[in-house]
Amino acid sequence: MQGTGTNTWDKYAPHNPEIHYYEGLYVLLYIANSDYHQPPHPLNQQIGMATATSLNGPWTKVGTDGLLLGPSSDPSHYTYGRQIVNPALLKVGNTYHLYFKTGLATGGIAYGVATSTSVTGPY
């Protein structure tokens, strides 16, 4: 994968890939960002997903642009305005668990989990 080079959430630096095989699909998770300057980087890092029926591709981004999980739009939520990184995906029963790391506005690190009954979300 490479950055889109356009005005998208994953314009720069797709990295930290993780690949799984679920339900006949190869599932690629990655993180990327919209601007490498500090700030807003690293607070603009988010998790994306692409799928393929073969490891050789073609890879198709989920949804409209591949964005799987980003910070909450709710200012009272602990992920608001924070990076969402280091995805780990596990299927337990019929539920997918997407674990992630985020920084806290007060300093420190927090870990979260988002769930879905579909591997491609929404989470």
Chemist: Should Leu69 and Leu28 be regarded as members of a common hydrophobic cluster, given that ILVMFWY residues are connected when their side-chain heavy atoms come within less than 4.5 Å of each other, either directly or indirectly?
Modeler: no
Chemist: Between Ile47 and Val85, is there a side-chain heavy-atom distance shorter than 4.5 Å?
Modeler: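 Result no, sub-4.5 Å side-chain heavy-atom pair not found.
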Chemist: Roughly how far apart are Thr102 OG1 and Gln46 CD, rounded to 0.5 Å?
Modeler: 10.5 Å
Chemist: Please examine the side chains of Leu67 and Asp10, heavy atoms only from C-beta on, and report whether any two atoms are closer than 4.5 Å.
Modeler: no
Chemist: Can you tell me how far CG of Asn33 sits from OG1 of Thr8, rounded to the nearest 0.5 angstrom?
Modeler: 10.0 Å
Chemist: Flag the pair Pro87 / Ile31 as yes when at least one side-chain heavy-atom distance between them is below 4.5 Å, and no otherwise.
Modeler: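 Side chain of Pro87 against side chain of Ile31, heavy atoms only: contact under 4.5 Å found.
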Chemist: Would you say Val27 and Tyr21 make side-chain contact, with heavy atoms under 4.5 Å?
Modeler: no
Chemist: Answer yes if the side chains of Thr120 and Ser118 hold a donor-acceptor pair under 3.5 Å, and no otherwise.
Modeler: yes
Chemist: Side chains of Ser72 and Asp74: any donor to acceptor distance under 3.5 Å?
Modeler: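 There is no such pair (donor and acceptor under 3.5 Å, judged by atom type) between the side chains of Asp74 and Ser72.
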Chemist: Does some side-chain heavy atom of Lys11 sit less than 4.5 Å from a side-chain heavy atom of Thr6?
Modeler: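 SC-SC contact between Thr6 and Lys11 ruled out.
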Chemist: Would you say that more than 12 heavy atoms from the other residues, nucleotides or ligands in this model lie under 6.0 Å from the OH of Tyr99, or not?
Modeler: yes
Chemist: Please report the closest heavy-atom contact between Lys91 and Asn94, naming both atoms and the distance.
Modeler: CE-CA, 4.3 Å
Chemist: Would you find a donor on one side and an acceptor on the other, under 3.5 Å apart, between the side chain of His37 and the backbone of Asp35?
Modeler: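 No, His37 side chain to Asp35 backbone: no donor-acceptor pair under 3.5 Å.
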Chemist: Return yes when atom OH of Tyr80 has more than 12 non-hydrogen atoms of other residues, nucleotides or ligands closer than 6.0 Å, and no otherwise.
Modeler: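 Atom OH in Tyr80 is not packed in, count stays at 12 or less.
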Chemist: If you compare all heavy atoms of Pro71 against all heavy atoms of Gly81, which two are closest, and at what distance to 0.1 Å?
Modeler: CB-N, 3.9 Å
Chemist: Is any side-chain heavy atom of Leu98 less than 4.5 Å from a side-chain heavy atom of Thr115?
Modeler: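 Leu98 does not reach Thr115 side chain to side chain.
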Chemist: If we only count heavy atoms from C-beta on, is the Glu23 to Leu25 side-chain gap below 4.5 Å?
Modeler: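 With C-beta onward as the side chain, the pair stays apart.
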Chemist: Taking atom types as modelled and ignoring hydrogens, do the side chains of Asn44 and Ser34 form a donor-acceptor contact shorter than 3.5 angstrom?
Modeler: yes
Chemist: Report yes if some heavy atom in the side chain of Met1 is under 4.5 Å from a heavy atom in the side chain of Lys61; otherwise report no.
Modeler: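 Answer yes - side chains close enough.
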Chemist: When you check the side-chain N and O atoms of Asn16 and Asn86, is any donor under 3.5 Å from an acceptor?
Modeler: yes
Chemist: Which of parallel (below 30°), tilted (30 to 60°) and perpendicular (above 60°) describes Tyr78 and Phe100?
Modeler: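 If you compare the ring of Tyr78 with that of Phe100, the planes turn out parallel.
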Chemist: Considering non-hydrogen atoms only, spot the tightest contact between Tyr123 and Leu89 and give its length.
Modeler: OH-CD1, 3.6 Å
Chemist: What residues, two or more places apart in sequence or in another chain, satisfy side-chain contact (heavy atoms from CB on, under 4.5 Å) together with Tyr111?
Modeler: Lys101, Ile109
Chemist: Under 30°, 30 to 60°, or over 60°: which ring-plane class applies to Tyr30 and Trp9, parallel, tilted or perpendicular?
Modeler: parallel
